[in-house]
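One structure is given below, encoded as structure tokens.
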Amino acid sequence: MLKIYNSIAREKEEFHPITPGKVRMYVCGMTVYDFCHLGHARVMVVFDMVARWLRASGLDLTYVRNITDIDDKIIKRAAENNESIGELTERFIRAMDEDAAALGVKKPDLEPRATQHIADMLNMIAVLVEKGLAYRADNGDVFYAVRGFNGYGKLSGKSLEDLRAGERVEVDAYKRDPLDFVLWKSAKPGEPAWESPWGPGRPGWHIECSAMSDHHLGHHFDIHGGGQDLQFPHHENEIAQSEGAHDCTYVNYWMHNGFVRVDEEKMSKSLGNFFTIREVLTKYDPEVLRFFILRAHYRSPLNYSDAHLNDAKQALTRLYTALRGIEVDAATLNWNDPQMARFQTAMDDDFNTPEAMAVLFDLANEVNRSRDVNAAARLKTLAGVLGLLQRPPEEFLQGASTAGALAPDQIEALIAERAAAKATRNFAEADRIRKELLDNGVVLEDTPQGTIWRSA
RNA sequence: GGCGCGUUAGCAAAGCGGUUAUGCAGAGGAUUGCAAAUCCUUCCAGGGCGGUUCGACUCCGCCACGCGCCUCCA
């Protein structure tokens, strides 16, 4: 039985889909005005893992991850770059797709874009206005009236009074209450705008997710995910909008993944301490990054450093090494198998990937001892559930990231030379060649079947 | 100030009220021409102070330290 830590309940709960056998999941995706950083990588990989596990568990999943392609930062960046908003967002959506693909993140079933759902947003805002939960201020903006929704704060555990006490934001004079938030922003000259009953403008930050999730998944669905920093205010405001408009529970299970940190500090745009995915991928195999992310529990902080990535690389190398030289057919998932059962138990416990990975290493040990094809198949199949270990081992082990620039045929030539030297027991020469290769980032291994190599 | 989370061996990171986590690194052995890889053995834990218990890293309380949200943020 799958248990999920539900942010709104602040405890693990048994997972029961609204419709038996079917799961509807919505995850807050990217605002596309820049390259994705490691924080984005974590959201994508974590919820890709969640999606894979739900499906491996036999559930019929509909996974929606939105793209926010209109917002203040996008407008600002496009102006700075002297390009249209469409050009900017298309560019970064393409980059995001590349990054996601590199990390082994499968495409969600649906990736709705905010600009495709303006009508849905306007409809929802209209409902909120009719119900007295929203109002048009004198400056033309439409605000959500937080005081009118009595569940406000239930996700983040904040009361309106607490929030007021901690007020650090300049109070917008047009708001009735400082905590009211914008649903619709009236257009300023030169800004992109859509027509609306309240005048030309564009959507506020939170309404797009309420509108898009409703459009694709309905008023009430199973899982809503995102980074921890979205819990407040973004998700809190989504609840206010959706439940305010529909008068029913919005989401049953809220999932929030932990932050990526650098030097024990949150990686964020405002701190400027972020690394983009593509930056990291110039130094590390993307699967190493995926492995690194899944090696920690999704709710824990994840500290980024080269030392930790190198450590992850070593660990993943061990797994691939175990599979090297074994022809593996895919095994079927059989939860009666002891190791698979242990893996399942771990994953069912709020997606405990570190524990699930421990099973992988135990299996690797078994494969190394027995060289058993079935054990190898179980290893590869279970790893596949996490989106790992699916490439030919040589591709990973001999992959790029070598310091030197020797082509494979050059390496093979040197290995042949060394073999010749060894044949005449000229070990000095053999060792010299081996050292030369090592200096070029190539490690040799002599086996009964001959010499093989891998990248250092 | 309000709310919340964390503190595990050299590093990373889990489960568990009493029995080896796991990976990397270290030590010894097997193997190897020597290595590498692999296998075997092994060292190194649970912030501090109390409490509950026959027994606590694991439950409870307090304290210390760290982190996060309350502002755009995955």
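A quick note: this is a predicted structure, and the numbers were derived from the prediction, not measured.
As a whole-Å value, the separation of A:L444 CG from B:U38 C1' is 17 Å. One interatomic measurement links the two molecules: NZ of A:K154 to P of B:G4, which rounds to 18 Å at whole-angstrom precision. One interatomic measurement links the two molecules: CZ of A:R77 to P of B:C72, which rounds to 18 Å at whole-angstrom precision. A:Y284 places its OH atom 14 Å from the C1' atom of B:C24, with the value rounded to the nearest Å. Rounded to an integer number of Å, the gap from A:I452 CD1 to B:U32 C1' is 14 Å. In this structure, A:E11 atom CD and B:C5 atom P are separated by 12 Å, rounded to whole Å. At whole-Å resolution of the value, CD in A:E236 and P in B:G68 are 21 Å apart. For the pair A:D349 CG and B:A14 C1', the interatomic distance rounds to 10 Å; values are reported in whole Å.
Which of B:C67, B:C69, B:C72 sits closest to the side chain of A:F232 comes down to B:C69. The side chain of A:N365 approaches B:C39 more closely than any other nucleotide in the set B:C39, B:G15, B:C67. For A:R434, whose side chain is taken as the heavy atoms from C-beta onward, the closest listed nucleotide among B:G33, B:C24, B:G15 is B:G33. Nearest to the side-chain atoms of A:T321 among the listed nucleotides B:A74, B:C72, B:A37 stands B:A37. Relative to the side chain of A:L163, the nucleotides B:G33, B:C72, B:C70 differ in distance, and B:C70 lies closest. Nearest to the side-chain atoms of A:D362 among the listed nucleotides B:C3, B:G15, B:U22 stands B:U22. When each of B:U22, B:U38, B:A12 is scored by its nearest atom to the side-chain atoms of A:N368, the top-ranked nucleotide is B:U38. Of the listed nucleotides (B:C24, B:G2, B:G68), B:G2 has the atom at the smallest distance from the side chain of A:K158. Which of B:C40, B:A74, B:G33 sits closest to the side chain of A:V43 comes down to B:A74. Checking B:C72, B:C34, B:A21 against every side-chain atom of A:E355, the shortest atom distance belongs to B:A21.
No more than 12 heavy-atom neighbours from other residues, nucleotides or ligands sit within 6.0 angstrom of CG on A:N150. When the shell of 6.0 Å around CG of A:D306 is examined, it contains more than 12 heavy atoms from other residues, nucleotides or ligands. The neighbour count for A:R10 CZ, taken as heavy atoms of other residues, nucleotides or ligands under 6.0 Å away, is above 12. Within a 6.0 Å sphere centred on NZ of A:K269, heavy atoms belonging to other residues, nucleotides or ligands number more than 12.
Put simply, the side chain of A:N352 and the base of B:G15 share no donor and acceptor less than 3.5 Å apart. Counting distance only, with no hydrogens placed and no angle test, the side-chain atoms of A:S156 and the base atoms of B:C69 include no donor-acceptor pair under 3.5 Å. Side-chain N/O atoms of A:H37 and base N/O atoms of B:A74 include a donor-acceptor pair closer than 3.5 Å. Put simply, the side chain of A:D229 and the base of B:C70 share no donor and acceptor less than 3.5 Å apart.
A:E265 comes within 4.0 angstrom of the backbone, heavy atoms only, and of no base. Across all strands shown, A:K422 has heavy atoms under 4.0 Å from base atoms, whether or not it also approaches the sugar-phosphate. At a threshold of 4.0 angstrom between heavy atoms, the contacts of A:M267 include nucleobase atoms, whether or not backbone atoms are also involved. Across all strands shown, A:G39 has heavy atoms under 4.0 Å from base atoms, whether or not it also approaches the sugar-phosphate. Contact annotation for A:G29: backbone-only contact, meaning every heavy-atom pair under 4.0 Å involves sugar-phosphate atoms and none involves a base. In this structure, A:V260 reaches the bases: a heavy-atom distance under 4.0 Å links it to at least one base atom across the strands shown. Using a 4.0 Å heavy-atom cutoff across all strands shown, A:R371 reaches no nucleic acid atom at all. Residue A:A358 is classed as a base contact, given a heavy-atom separation below 4.0 Å to a base. Nucleic acid contact for A:H234: none, since no nucleic acid atom lies under 4.0 Å from a heavy atom of the residue.
With respect to A:R147 and A:D180, no salt bridge is recorded, no charged nitrogen being found less than 4.0 Å from a carboxylate O. A salt bridge does not link A:D431 to A:K435: none of the charged side-chain nitrogens sits closer than 4.0 Å to a carboxylate oxygen. Salt bridge present: A:K12 and A:D349 bring a charged side-chain N and a carboxylate O closer than 4.0 Å. Between A:R418 and A:E436 there is no salt bridge, since none of the side-chain N atoms of the basic residue sits less than 4.0 Å from a carboxylate O of the acidic one. The residues A:R261 and A:E264 are annotated as salt-bridged, a charged nitrogen and a carboxylate oxygen being separated by less than 4.0 angstrom.
One finds a side-chain N or O of A:S300 lying less than 4.0 angstrom from the OP1 or OP2 phosphate oxygen of B:A14. OP1 or OP2 of B:C40 lies within a sub-4.0 Å distance of a side-chain N or O belonging to A:R369. For B:C69, one of the phosphate oxygens OP1 or OP2 lies less than 4.0 angstrom from a side-chain nitrogen or oxygen of A:K266. Applying the 4.0 Å criterion to OP1 and OP2 of B:U38, one finds that A:R318 has a side-chain N or O inside that range. A sub-4.0 Å separation between OP1 or OP2 of B:A37 and a side-chain N or O of A:R454 is present.
Taking the P atom of each, B:U7 and B:G15 are spaced 10 Å apart, rounded to whole Å. Taking the P atom of each, B:A21 and B:U41 are spaced 14 Å apart, rounded to whole Å. Look at the P atom in both B:C3 and B:C49: the space between them is 28 Å, to the nearest Å. Taking the P atom of each, B:A30 and B:U20 are spaced 27 Å apart, rounded to whole Å. Nucleotides B:G10 and B:C44 have their P atoms positioned 10 Å apart, rounded to a whole Å. Between B:A12 and B:G26, the two C1' atoms lie 16 Å apart (nearest whole Å). For the P atom pair drawn from B:A37 and B:G4, the interatomic distance equals 49 Å after rounding to whole Å. Spacing of P atoms, B:G47 relative to B:C57, comes out at 9 Å, to the nearest Å.
Both distances falling under 3.5 Å, in either a Watson-Crick or a G-U wobble arrangement, place B:G10 opposite B:C24. Pairing for B:G15 is absent, with no Watson-Crick or G-U wobble pair whose two atom distances lie under 3.5 Å. If you check B:C5 for Watson-Crick or wobble pairing at under 3.5 angstrom, you find it paired to B:G66. B:G55: no Watson-Crick or G-U partner with both key distances under 3.5 Å is found in any strand. Remark: B:G61 base-pairs with B:C49; criterion is Watson-Crick or G-U wobble with both hydrogen-bond distances under 3.5 Å. Using Watson-Crick or G-U wobble geometry with both donor-acceptor distances under 3.5 Å, B:A35 finds no partner in any strand shown.
Comparing A:D311 and A:V443 against RNA chain B, the residue whose closest nucleotide sits nearer the 5' end is A:D311. Looking at which nucleotide of RNA chain B each of A:L230 and A:S159 is closest to, the 5′-most match is held by A:S159.
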Margin query: One pair to check against side-chain hydrogen bond (donor to acceptor under 3.5 Å, both in side chains): A:N365 and A:R369. What are the steps and the verdict?
Written below: CA-CA 6 Å; A:N365 177 261; A:R369 275 185 284 120; 2.9 Å; yes
